[in-house]
Amino acid sequence: MSVTNMPVFIPGLELSRRFYTEAVRPLLEEVSPAIPHSAARLGSGSEVLGFDTPRSADHEWGPRLQLFLRHQDVSRHGGRVRRLLSEHLPKTFHGYPTHFAPTGDRDIRVMRATDRPVHHRVEVTHLTAWFHDTLGFCPSSPITAEDWLATPTQLLAEVTGGAVFHDGLGELAPLRAALRWYPHDVWLHVMAGQWQRISQEEAFVGRCGEVGDELGSAVVAARLVRDLMRLCLLMDRRYPPYGKWLGSAFARTSLGPRLTPDLTAVLAATDWRTRERHLSHVYESVADHHNELRLTDRVDPAVRPYHSRPFQVLRADRFARALSARITDPALRELPPVGSVDQYLDSTDVLSSPELTRTASRTMLRSRRS
């Protein structure tokens, strides 16, 4: 369905909620009232994070949700439930097709009209399988520090975002609550990793500019802007999404409205001194916010020269050390402040695959301990 042919836009979470309440649940109650279930819209999709627009309807968006049954009920009744929905769901719902047709691009599907049974996007599964497929582990078991560090923040945002429409199993809400935010020591470690990333390049904005490389200076500054935005999300206890939605999520942080003018000026600057001046304002604001959180002893938030060189920096490694010093978990304390998998690598394909991220994370953890 093209954007121009789409009916009046309904945000995806609201559309899915209505789809469950008005179409899916009545069918279940009529045919299988004794089978308990939970229903939600979680996982991938811009609507789960609340960032969807009419443009989102061009693929993998529409009346869709997860339907969770007990493990034994998936085996006994899952196929029947899927067929029931395929044969009896309305062909359209509030003007949107409930049939999803293949595009020929991997397994991506789009809403299309049909006069046959619909290929719906009601995923019938059980909780353990879904969490393992999505994250690589299930939070019904103790979540290890390696589980946390091996899971990209985008995936954690997708699992804890969205909406639960019904929790008849009584299990979905507690599992999501277990993932709502990092344990304290993991949070300290991840933030230390983010400060450390900033410390590695903050002097390069001026150094590149000093030798006439304004393009290189701009690239470094843009990387610093991205890392500062992610840091602000972590400080607000919000999982940073991947690049497409980073700016949208940052705008909702406590510092977002105040820092956006300076960060925009950094990106628009054509000379390194202007970039440095605006970055310095941001550094000091974020450093002040760190001190307001009282996670460490106060760290001087003022920028300063980089050793004997005439570049203004924060020396962000001071904040990384202060956070690492407060970690009590011995296993985390022995790790250098590299943080989680998406602070270590940056590949959308890898970070969207639990199997690949855990492989990358095992490599990362081995290298950090060697």
Side-chain angles (χ1 to χ4, degrees), residues 10-45 47-50 60-94 96-100 107 109 111 117-143 147 151 155-181 354:
I10 302 173
L13 279 184
E14 175 61 17
L15 179 64
S16 293
R17 182 191 67 77
R18 296 183 193 179
F19 186 51
Y20 168 71
T21 303
E22 300 172 21
V24 175
R25 183 166 184 167
L27 284 174
L28 295 175
E29 291 177 343
E30 178 181 346
V31 178
S32 304
I35 302 177
H37 70 275
S38 296
R41 177 68 184 96
L42 312 174
S44 62
E47 68 270 34
V48 172
L49 302 183
E60 289 297 327
W61 183 99
R64 53 178 298 195
L65 54 97
Q66 287 86 21
L67 190 65
F68 298 105
L69 309 181
R70 293 176 301 191
H71 186 281
Q72 64 270 27
D73 286 337
V74 173
S75 301
R76 296 172 185 168
H77 307 293
R80 180 166 63 89
V81 170
R82 294 183 190 99
R83 288 192 299 273
L84 167 75
L85 295 172
S86 178
E87 294 170 1
H88 296 285
L89 280 171
K91 298 292 190 291
T92 62
F93 183 78
H94 287 277
Y96 295 94
T98 60
H99 174 70
F100 285 77
D107 58 349
R109 289 178 174 260
M111 293 180 291
V118 300
H119 182 102
H120 56 77
R121 271 290 195 249
V122 179
E123 181 182 3
V124 181
T125 184
H126 62 89
L127 287 164
T128 301
W130 187 83
F131 275 105
H132 271 287
D133 287 346
T134 304
L135 299 178
F137 66 93
C138 182
S140 59
S141 300
I143 308 172
D147 289 332
T151 307
L155 296 185
L156 291 168
E158 291 174 353
V159 169
T160 56
V164 175
F165 310 129
H166 174 67
D167 194 13
L169 299 178
E171 299 174 4
L172 181 54
L175 293 178
R176 277 166 41 95
L179 296 165
R180 181 59 59 189
W181 190 243

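We count residues from 1, following the sequence as given.
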Shortest non-hydrogen contact between [X] and [Y], atoms and distance:
X	Y	answer
C138	T128	SG-CA, 4.0 Å
F100	R109	O-NH1, 2.7 Å
R82	V124	NH2-O, 2.8 Å
L155	T134	CD1-O, 3.5 Å
G62	S16	O-OG, 3.8 Å
L89	H120	CD1-CB, 3.9 Å

For [Y], does its backbone N or O pair with a side-chain atom of [X] as donor and acceptor, under 3.5 Å?
X	Y	result
S38	F68	no
Y96	L15	no
T160	R180	no
Q66	L42	yes

Working to the nearest 0.5 Å, report the span between [atom1] of [X] and [atom2] of [Y].
X	Y	atom1	atom2	value
E87	L85	CD	CG	10.0 Å
H132	S141	NE2	OG	6.5 Å
E47	I10	CD	CD1	13.0 Å
S75	H126	OG	NE2	7.0 Å
T125	L69	OG1	CG	8.5 Å

Taking only residues two or more places apart in sequence or in another chain, which ones pass salt bridge (Lys or Arg N to Asp or Glu O under 4.0 Å) with [X]?
X	result
D167	none
R176	none
E60	R64, R121
R18	E14

L179 and T151, any side-chain heavy atoms less than 4.5 Å apart: no
Residues which pass ring pair (Phe, Tyr, Trp, His ring centres under 6.0 Å) with [X], listed by chain and number, not counting sequence neighbours:
X	result
F131	none
F93	F19
H77	none
H119	none

Side chains of residues 26-36: which donor-acceptor pairs under 3.5 Å do they make with residues two or more places apart or in other chains?
| from | atom 1 | to | atom 2 | distance (Å) |
| --- | --- | --- | --- | --- |
| E29 | OE2 | R25 | NE | 2.9 |
| S32 | OG | R80 | NH1 | 3.2 |
| S32 | OG | R80 | NH2 | 3.4 |

Sequence-distant partners of T21, side-chain contact (heavy atoms from CB on, under 4.5 Å), two or more places apart: R17
For A178, side-chain contact (heavy atoms from CB on, under 4.5 Å) partners two or more places apart: P139, I143
For H37, all residues meeting side chain to side chain donor-acceptor pair (under 3.5 Å), sequence neighbours excluded: Y20
V159 vs W130, side-chain contact (heavy atoms from CB on, under 4.5 Å): CA-CA, chis, key distance, verdict: CA-CA 10 Å; V159 169; W130 187 83; 4.0 Å; yes
